[in-house]
Amino acid sequence: MGKYGTSIDKKWQEIWENNNLYKFNAENLDKKLYTLEMFSYPSGSQLHAGHWFNYGPVDSWARMKRMEGYNVFQPMGFDAFGLPAENFAIKTGIHPQDSTYKNIKTMEQQLKAMGAMFNWENEVVTCDADYYKWTQWLFLKLYEKGLAYRKKAPVNWCPSCNTVLANEQVIDGECERCSSEVTKKELTQWFFKITDYADELLDKLDDLDWPEKTVAMQKHWIGKSTGAEVTFKVKNSDLSFNVFTTRVDTLNGVTYVVLAPENKLVDKLTLTEYKDAVEEYKEVSAKQSEIERQSISKEKTGVFTGSYAINPINGKEVPIWISDYVLVSYGTGAVMAVPAHDERDFAFATKFNLPIERVITNKKGEEVELPYCEYGVIVNSGEFDGLTTEEGKVKIVEKLAKENLGSQKVNYRLRDWLVSRQRYWGAPIPVVYCDKCGIVPVPEKDLPVKLPYDVEFAPDGKSPLAKSEEFLNTTCPHCGGKATRECDTLDTFVCSSWYYLRYPDNKNADMPFNPEVINKMLPVDKYVGGPEHACMHLLYARFITKALRDMGYLKFDEPFKSLTHQGLILGPDGLKMSKSKGNTISPDTYISQYGADVFRMYLMFGFAYTEGGAWSDDGIKSVARFVDRIERTLESSNDAIKARNGKSSIDKAEKELNFWRHNAIKGVTEDGDKMQFNTAIARMMEFVNALSKYMQEGTKNLDFLKEVCTDFVKLLAPFAPHFSEEEWSDLGYTTSVFNEKWPLFDPNALVKDEVEIAIQVNGKIKNRINVASDLDEEGIKAAALNDETIKSTTEGKTVVKVIVIKGRLVNIVVK
Ligand code: ANZ
Ligand code: ZN
């Protein structure tokens, strides 16, 4: 084992800190590079391998960029509010604030041991009052613009714990704590109107340098769907309802309609003798999740209401059913069913013996097997027969519009963002309720609305904050009368929807951020984090950026220009790491054994960055050996340089080594830039092999050797920062290697003086020889014919012809 280890890590961390080496230059932003890693959640008290895989390699990338001349800003902070700390408190009695700050302390130490060049002076902790003050400010601004509003909405409710549950606390329809069945309860809640931005959130996706899969997921989440709304009147009644359809061309094929069980019309429509069955059905479907209800494989269920609706295009009477495959929250909560041309309607009609009527043939006009769900030609539809699907969609809506029974309609799957939580450990929503004035926002000068420390957070059906009289009772900022505070707190995704705006100006006491600073610092140039955030966090942040832009605070449209998701590091058994499976990898243990750089380099070399994979102890051992080998090779180079008995010529050996040097410069620069760290490090391995070979042969050109070693350490520095600083100083340099310029590759060095030529005899390869790369055809021919191996195979035969393909091949035809 070499001398590298944690003591070298500590030594350089201290030197870096004392010299303030990584200080961001806020004065000159010409070459600023805002590198952002998703901040961590201080729930467990330990930094795990997944954090390391996010932060270590990205830090290496940022270090490379720094050496390329960028002014790197790489902040770090903590997403500190949220449920796990509160649950931990309920279990152990330790206050969320105490456990959170304790965890943050530990994680800060661990992050520092990583040796990343974080700008700690810009740290942001979302549960600090001077941060959440501005989260509350953001809420007030959205409220002012009509982008925050209150409405009743169902929440998960555990009747035995008497409490609201977050979605992640509901496991298979049961309370995670007591396993009783979870029900829905209507509560008045706060929402952010993200749907106002649905179109822009969708359109701007194509301009982003983001992973394709993530763009596709956001598109799906927003779910823009273009179709029509059609009005059905209820027979013998004044009632009517709309359906949303993307296939209005099939309107003549409607044989029944279906309402969601929760649709408000259901009770009014249902005839007396059908009431019991309908009530029973409503109860059963209320217990299922949307995903279960929409599953294609699920056996269709439903009940008839006894009522009929009138098809507006042909006057036909069709039965009105209810079924759980129709969701109340999408479109109008009602569908027109066309069993001939829709899979789910087909399954439903087959099960309940409802008619199936073809109104579309394939494009050639053939009656293909049903259900036929593609586009085609309209049939059995009176005046619309013979039109294509596309034409029919237009013509049918035109006709309906004349009678006010239909219109074009765009629908989105995206819902407004429910931001209120009936929880303690979050930013209080800055609103008071006054009997006289109603909802009154807390004036900005009274922010923050402080989260009280002494609160009973054990669950008993009330918001924990409502149990603190001191918090609850206040005066109305408007009329001075008695008022009560809003007792819900904000979803933690609100805290993380704007943190990247706070980092560059984190000490600002008068504003959440100074727009002048932020408009120069943002957008973030590179954002890296887990793919699990593809929808919620990344969509919310985009929305908040756009809303703040429209309020005049920001001059850019998108927060994150370029995005990368790192892969997942699995346990040695190939399964997701978890404490219960006992397959977790504790970074600290490995770091004390091998040093932070070996741990980091193993993560970068052992896995494709965007893919991840299973941890291997053999893998980290081999990286440790690689580092040892570098240490030995550089040491012998150093000894040679100090001994001062070299030569001055550049010969074959120097040219060979120079090739591998520039091959590495090129490869590390290009692959590193694309975050393909494993192949970048592979180039370094080739480089060290070449250097070690050079050290074993003949007299050395010491000036050249010193140059090569200098480049070697520069190239290695981003990947093994502490180790490289040590080697850099061993080479005799007194400044930090991170203040050096990144080496540039020389294309001439990559042109080999010699090329390998295959020699065939009658089409079969017999030997390979090296020739000078500028050798002419005659010379190559001669070299081939004079080769000893070839001479012996052609002995006694007549050479008929010699074909030369320059740079590759010689074929000798003999008889
Ligand atoms: C009639 C029809 C005929 C339909 C046909 C499809 C094919 P997207 O693309 O996702 O927007 N639908 C409408 N509202 C619904 C709801 N609340 N719950 C469940 N399904 C609903 O899907 C739109 C289609 O989904 C609509 O077009 C409707 O079925 C159904 F041959 O209307 B269609
Ligand atoms: Zn009032």
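It should be emphasised that the depicted structure is a prediction, and the values quoted were computed from it without experimental measurement. Both backbone and side-chain heavy atoms feed into the values below; hydrogens, waters and symmetry mates do not. Both counts, for ligands and for their atoms, begin at 1 and track the order of listing.
- Of all atoms in ligand 1, numbered sequentially from 1 with element shown, those under 4.0 Å from a heavy atom of Arg413 are 8 (P), 10 (O).
- Short contacts between ligand 1 and Tyr325, defined as distances under 4.0 Å to a heavy atom of the residue, involve ligand atoms 18 (N), 19 (C).
- Geometrically, ligand 1 and His341 share no nitrogen or oxygen pair separated by less than 3.5 Å.
- For ligand 1, the atoms sitting less than 4.0 Å from at least one non-hydrogen atom of Phe244 are 11 (O), 13 (C), 26 (C), 28 (C), numbered in the order shown with element in parentheses.
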Enumerate, atom names and distances included, each donor-acceptor pair closer than 3.5 Å involving a side-chain atom of residues 252-259, sequence neighbours excluded.
unit_1 : atom_1 : unit_2 : atom_2 : d
Asn252 : OD1    : Asn314 : ND2    : 3.2
Thr255 : OG1    : Pro355 : O      : 2.8
Tyr256 : OH     : Tyr325 : OH     : 3.4
Tyr256 : OH     : Asp345 : O      : 3.2

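- The ring of Trp417 has its center closer than 6.0 angstrom to the ring center of Tyr540.
- Of all atoms in ligand 1, numbered sequentially from 1 with element shown, those under 4.0 Å from a heavy atom of Thr245 are 1 (C), 2 (C), 4 (C), 26 (C), 27 (O), 32 (O), 33 (B).
- Using a 4.0 angstrom heavy-atom cutoff, Gly331 does not count as in contact with ligand 1.
- The closest non-hydrogen atom to atom 18 (N) of ligand 1, taken over Asn411, Leu327, Asp324, Val230, comes from Leu327.
- Among the atoms of Asp342, none of the N or O lies under 3.5 angstrom from an N or O of ligand 1.
- For ligand 1, the atoms closer than 4.0 angstrom to any heavy atom of Met336 are 1 (C), 32 (O).
- A centroid separation of less than 6.0 Å is found between the aromatic rings of Tyr308 and Phe304.
- By the 6.0 Å and 45° rule, Arg413 stacks over the aromatic ring of Tyr330.
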Show me, pair by pair, the donor-acceptor contacts under 3.5 angstrom made by side chains of residues 192-203, not counting sequence neighbours?
unit_1 : atom_1 : unit_2 : atom_2 : d
Thr195 : OG1    : Asp416 : OD1    : 2.6
Tyr197 : OH     : Asp550 : OD2    : 2.7
Asp199 : OD1    : Lys224 : NZ     : 3.0
Asp199 : OD1    : Tyr412 : OH     : 2.9
Asp199 : OD2    : Tyr412 : OH     : 2.8
Glu200 : OE1    : Arg549 : NH2    : 2.7
Glu200 : OE2    : Lys204 : NZ     : 3.0
Glu200 : OE2    : Lys546 : NZ     : 3.0
Glu200 : OE2    : Arg549 : NH1    : 2.8

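- Every atom of ligand 1 with a heavy atom of Thr250 under 4.0 Å away is listed here by number and element: 3 (C), 31 (F).
- Judged by the 6.0 Å and 45° rule, Lys151 forms a cation-pi pair with Phe191.
- For ligand 1, the atoms sitting less than 4.0 Å from at least one non-hydrogen atom of Val326 are 16 (C), 17 (N), 18 (N), 19 (C), numbered in the order shown with element in parentheses.
- Ring geometry, Trp321 versus Phe348: the interplanar angle exceeds 60°, so the pair is classed perpendicular (tilted spans 30 to 60°).
- A donor-acceptor contact under 3.5 angstrom links the side chains of Gln189 and Ser420, judged on distance only.
- Nearest to atom 24 (C) of ligand 1 by heavy-atom distance, out of Thr246, Asp345, Val338, Val248, is Thr246.
- The contact set between ligand 1 and Ser225, taken as ligand atoms under 4.0 Å from a residue heavy atom, comprises 8 (P), 9 (O), 11 (O).
- Taking all heavy atoms of Arg344, Arg247, Lys224 into account, the minimum distance to atom 5 (C) of ligand 1 is reached by Arg247.
- Side chains of Glu390 and Tyr375: no donor on one and acceptor on the other come within 3.5 Å.
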